[in-house]
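These notes concern the structure reproduced below.
The sequence lines fix the lettering, A, B, ..., with proteins before strands; numbering per chain opens at 1. The figures here come from the full heavy-atom set of this structure, side chains too, leaving out hydrogens, waters and symmetry mates.
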Protein chains: 2
Amino acid sequence: MWPGCGASTETLPKVKLSEQLPEQLTYLFEPRSIAVIGASNVKIKWGYIIPVNILAGGWKGELYPVNPGETEILKRPCFKSVKEIEGDVDLAIVTVPAACVARVVGECVQKGVKTCLVISSGFSEAGAEGMRLAEEVAGVVEGNGMRLVGPNTMGIYSGPARLNAMMSPVRPAAGKIAFAAQSGNLGTQMLSIGKTLGVGFSRFVCIGNETDLKVADYLQYFARDPATEVILLYIEGLKAARRFIEVAMETSPKKPIVVLKAGKTKAGVRAAASHSAALAADETIFRGVMKQTGMIEADTTEEMLDIAKAFAAVPLPRGNRVGVITWGGGWGVVMADALARHSLELVELPQEIIRELDSFLPPYWSKGNPVDMVGTLDLSIHFRCLEIVSRCGCVDSVISLGTIGMISSIQSFVLGDSTLDDVERGRTATKVARSEFLKEIEKTDEAYRGEMLRLMQETRKPIIAVSFPATGAVTPVLASQSEVVIYPSPERAAKALAALCEYKKFLEQKCNTGA
Amino acid sequence: MWPGCGASTETLPKVKLSEQLPEQLTYLFEPRSIAVIGASNVKIKWGYIIPVNILAGGWKGELYPVNPGETEILKRPCFKSVKEIEGDVDLAIVTVPAACVARVVGECVQKGVKTCLVISSGFSEAGAEGMRLAEEVAGVVEGNGMRLVGPNTMGIYSGPARLNAMMSPVRPAAGKIAFAAQSGNLGTQMLSIGKTLGVGFSRFVCIGNETDLKVADYLQYFARDPATEVILLYIEGLKAARRFIEVAMETSPKKPIVVLKAGKTKAGVRAAASHSAALAADETIFRGVMKQTGMIEADTTEEMLDIAKAFAAVPLPRGNRVGVITWGGGWGVVMADALARHSLELVELPQEIIRELDSFLPPYWSKGNPVDMVGTLDLSIHFRCLEIVSRCGCVDSVISLGTIGMISSIQSFVLGDSTLDDVERGRTATKVARSEFLKEIEKTDEAYRGEMLRLMQETRKPIIAVSFPATGAVTPVLASQSEVVIYPSPERAAKALAALCEYKKFLEQKCNTGA
């Protein structure tokens with residue numbers, strides 16, 4: 001199907017590229033036209049799956065299938081070569097076998113294709129022959145004006161363009177986070193998990209082998225991208241560390257960069273070498289770079305989304321002083337420990353605030369911070385505590401434990417009409433699951449969420465909720481609502497808040513040193 | 001309603017209690033009869049809610065409402081005093097105001113009630129007057145043969161008895177974990193979260209103020225309880241530390257004890273003092289105690305359930321050598337780091353195993369551990385890898401990343417009948433959610449889960465799955481299946497496996513020292 005494989009050795013005029021990068025990558029993330037080279041009618045081939053994902057995702061533009069052995073693919077006329085296409089091609093997606101890639105990429109250069117994304121694997125991650133093929137591709141691309149993603153990439157996503165040019169059918173939630181990942185599997189699954197947890201993305205790129213475009217290039221693009229407010233990176237190793245550090249230092253004061261560095265241990269480095277063929281950076285050096293550049297380190301894959309979502313959703317705290325409102329004392333103790341572990345201050349509330357709270361809280365409340373509402377079922381108390389603590393001048397951020405998701409479920413049970421009749425007829429269990437009950441939960445949670453939003457807008461302080469996934473109902477109800485953050489445990493909320501504080505401190509230091 | 005409040009000061013013969021403890025607590029967790037003192041027809045009172053929870057939970061036994069102002073409650077004749085009840089009372093649940101508690105508890109002693117659970121709050125957690133009332137209750141109970149839970153408890157749960165004698169309507173999943181918590185709110189919500197995550201419980205007690213029964217007492221009961229295989233404790237502080245350590249040392253070699261110690265930081269200690277009035281133990285001392293007794297420490301509330309579930313579901317590994325199978329390379333790198341952080345060995349697989357895997361895996365697989373299946377969609381390869389790695393003599397435990405939950409979703413999409421027609425008619429999105437698709441996921445996940453179970457039974461090695469919560473479908477499908485463990489991230493799987501290894505090592509040391 002792909003005869004005459006072998007690299008195109010034509011040489012073309014070299015051009016200087018670095019300043020043009022943001023414009024070049026706009027062709028990648030906002031293409032008006034896409035050629036799929038290796039397009040197929042065979043449903044289990046990536047040459048079929050990827051264009052289906054693109055069309056299913058809602059992208060509006062010209063799609064050109066390219067395959068010398070077909071006349072029509074996906075009801076579109078098929079081209080024998082990318083060079084036969086009359087219109088401009090902003091992005092070429094290549095799925096042909098590794099041995100044919102250099103040739104078709106060469107044709108893309110000749111055609112004047114702006115960007116090229118090589119799905120095909122079998123390059124530097126695949127032994128000596130793969131290395132040779134990779135060098136061939138690099139030679140074809142270098143200095144010829146066209147930029148190349150991969151090879152060995154799972155593709156890209158672009159929210160504003162409604163573009164899902166990926167092997168995975170995932171359609172991420174729209175949002176403000178741009179994500180570059182040195183793993184397609186981990187990256188695309190993060191997009192899926194994000195959809196479940198209400199974490200929305202502006203852009204995503206599975207970086208692949210970095211024959212041309214590297215982490216630093218995507219970072220540079222995201223830094224200027226108006227659709228992006230937060231940058232998330234999954235890094236196994238760096239090929240051009242110096243440039244990465246330079247771009248990170250320039251970007252970090254403008255947009256927070258959250259990084260998970262994998263391949264930190266000896267075992268991880270070995271696994272990374274076999275996976276992405278990336279040279280893993282020494283951990284001590286990497287830590288130093290993180291500190292110097294102001295990037296925020298996520299310690300676990302869960303933290304990547306936890307922290308990125310916090311940056312995308314809530315304002316930065318002015319300082320480390322935290323006010324905690326809790327429905328139950330135990331969670332307050334756990335929260336206090338978690339805050340202390342991250343050097344966040346469970347601030348002492350002023351006497352006038354204590355007196356105000358004391359005027360309506362149940363008599364045995366904690367009379368301090370955390371404000372323990374001792375299990376009160378009266379929702380109005382939750383709202384009043386939230387307002388008073390949020391407005392308190394000595395509080396920089398607020399964490400609200402347990403109200404969203406729980407109060408309504410208990411309240412419905414208590415104030416509902418469960419009677420002995422129900423108990424004796426075995427109806428209690430089914431009643432709990434009835435749809436009015438779920439609607440009641442949604443209504444209460446919505447109201448509290450609305451109050452969190454209102455107070456965040458008025459006070460410009462981050463207000464973070466912790467809701468325990470007890471009923472299973474909370475997640476679907478609130479997942480799509482990316483304007484608030486709701487974590488499933490106090491410890492995860494503390495970690496995310498600590499990341500916000502760390503970044504705020506970095507910005508202040510930058511500001512003070514006049515950098 | 002509760003006239004004549006004030007402590008009963010009658011003195012009764014003192015009896016020695018410690019040896020009788022397990023028998024005494026059997027009355028608590030397996031009561032044949034329950035009196036609710038303070039029972040009510042008012043639906044927002046605990047005196048109504050708690051008996052409804054008991055009846056709704058399915059407990060079969062004699063329920064006696066006690067309230068001098070009522071004649072019938074929940075269609076049962078109401079008694080003016082517990083002393084009026086003719087039959088034996090194994091458990092009395094007290095919901096009357098704090099000031100009346102000592103009197104009704106005194107009546108329980110006179111009646112010969114075996115155990116008493118005091119829901120009422122307003123005791124040692126509530127200032128000087130509360131302290132006085134607490135001392136009064138203690139005086140009534142001490143040495144009189146009746147054991148007392150609380151006061152200020154949210155109640156107990158007992159799986160084998162189908163008993164939910166709690167303020168919360170939660171009906172936990174049945175299982176092998178006994179849980180004692182110094183926080184009712186945190187404790188009962190853990191039961192609810194457990195239900196969502198497939199973590200089942202044998203017993204639960206909200207410890208309350210420990211006027212009589214203390215953490216150590218419940219621990220002693222759980223140690224001999226045939227329904228319990230794993231013990232979970234949430235501790236803020238210890239009132240009888242020496243006895244606790246003695247009981248823990250005796251119990252730990254028989255059943256694993258997983259502990260979350262809250263109130264470890266200064267802020268946490270302060271919060272704990274206001275919450276449970278417990279004296280927080282110094283952290284260094286507590287760490288020492290953990291090591292000496294062989295108890296397993298959970299660092300976060302999420303880890304409590306993660307670790308307890310692992311102990312309840314899978315066999316202990318013989319050693320630290322781990323085999324990892326992953327659908328994608330990135331997750332393998334993250335897993336390698338996470339294992340190394342817990343001193344678990346990503347073992348080098350023997351050449352014959354590598355050769356065997358090489359005979360059927362895609363050409364660019366990792367050729368080492370983690371076994372990276374490089375995104376293969378062929379499920380039979382997943383099954384073969386699982387079997388080969390599990391049976392490998394140099395592997396003590398196996399972690400399988402990404403197969404459950406993901407392979408089926410991708411496979412359905414790829415091998416399904418998505419066509420341009422669907423794309424153009426906008427049907428792709430709805431098709432993904434159709435019920436046959438969900439059934440397909442269930443079927444595939446079930447098959448893989450069955451294979452994990454079969455291999456665990458044959459090899460006696462723990463096999464742990466990581467499934468990313470991408471579709472949201474996995475959790476409900478597998479949540480109720482407590483025979484396997486499925487974690488939402490590599491890091492959480494590594495932590496749980498590390499806990500199993502730590503306990504195994506403790507047992508071996510015990511064995512070697514002949515202790």
Side-chain angles (χ1 to χ4, degrees), chain A residues 44 49 52 55-56 74-75 121-122 125-126 169 183 185-186 189 192-193 196 234 236 262-268 271-272 274-276 300-302 327-334 336-337 339-341 346 364 366 368 370 372 375 413-415 418 420 423 428 468-470 472 489-491, chain B residues 44 49 52 55-56 74-75 121-122 125-126 169 183 185-186 189 192-193 196 234 236 262-268 271-272 274-276 300-302 327-334 336-337 339-341 346 364 366 368 370 372 375 413-415 418 420 423 428 468-470 472 489-491:
Chain A
I44 58 161
I49 295 163
V52 164
L55 295 170
L74 288 165
K75 295 197 174 165
S121 57
E125 82 284 8
S183 163
N185 192 271
L186 185 146
Q189 284 180 24
S192 298
I193 298 168
T196 309
Y234 168 80
E236 293 188 359
K264 276 196 247 188
T265 63
K266 274 185 193 168
S274 117
H275 172 233
S276 59
T300 67
T301 44
E302 286 181 328
W327 194 40
W331 291 112
V333 181
V334 169
D337 276 342
L339 292 174
R341 256 179 230 133
L346 192 64
Y364 306 131
S366 55
D372 179 2
F413 190 88
V414 172
L415 303 179
S418 293
L420 186 61
V423 168
T428 317
F468 308 103
S489 79
E491 295 93 342
Chain B
I44 58 161
I49 295 163
V52 164
L55 295 170
L74 288 165
K75 295 199 174 163
S121 57
E125 82 285 7
S183 162
N185 192 272
L186 185 145
Q189 283 180 25
S192 297
I193 298 169
T196 309
Y234 169 80
E236 293 188 359
K264 275 195 249 191
T265 62
K266 274 184 191 167
S274 119
H275 172 233
S276 57
T300 67
T301 44
E302 286 181 328
W327 194 41
W331 291 112
V333 181
V334 169
D337 276 342
L339 292 173
R341 256 179 229 134
L346 191 65
Y364 306 132
S366 57
D372 178 3
F413 190 88
V414 172
L415 304 179
S418 293
L420 185 61
V423 168
T428 318
F468 308 103
S489 79
E491 294 93 342

Determine the option with the most heavy-atom pairs under 4.5 angstrom with chain A, choosing from B:G328, B:G122, B:G329.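 Counting heavy-atom pairs under 4.5 Å, the top option is B:G329.
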Based on non-hydrogen pairs under 4.5 Å, which of B:D337, B:L346, B:T265 is most in contact with chain A?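 Most pairs with chain A among the choices: B:D337.
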If you apply the rule side-chain contact (heavy atoms from CB on, under 4.5 Å), what do you find for A:Y364 with B:S121, and how did you get there? CA-CA 9 Å; A:Y364 306 131; B:S121 57; 4.2 Å; yes
Measure across [X] and [Y] and return the closest heavy-atom pair with its distance rounded to 0.1 Å.
| X | Y | answer |
| --- | --- | --- |
| A:W331 | B:L186 | NE1-CA, 3.3 Å |
| B:T301 | A:S489 | OG1-CB, 3.8 Å |
| A:A340 | B:A267 | CB-CB, 4.4 Å |
| B:V333 | A:A262 | CG1-CB, 3.7 Å |

Check against side chain to side chain donor-acceptor pair (under 3.5 Å), B:W327 and A:N185: CA-CA 8 Å; B:W327 194 41; A:N185 192 271; over 6 Å; no
Partner chain B: residue of A:G332, A:G330, A:G368 with the largest heavy-atom pair count (under 4.5 Å):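 Counting heavy-atom pairs under 4.5 Å, the top option is A:G330.
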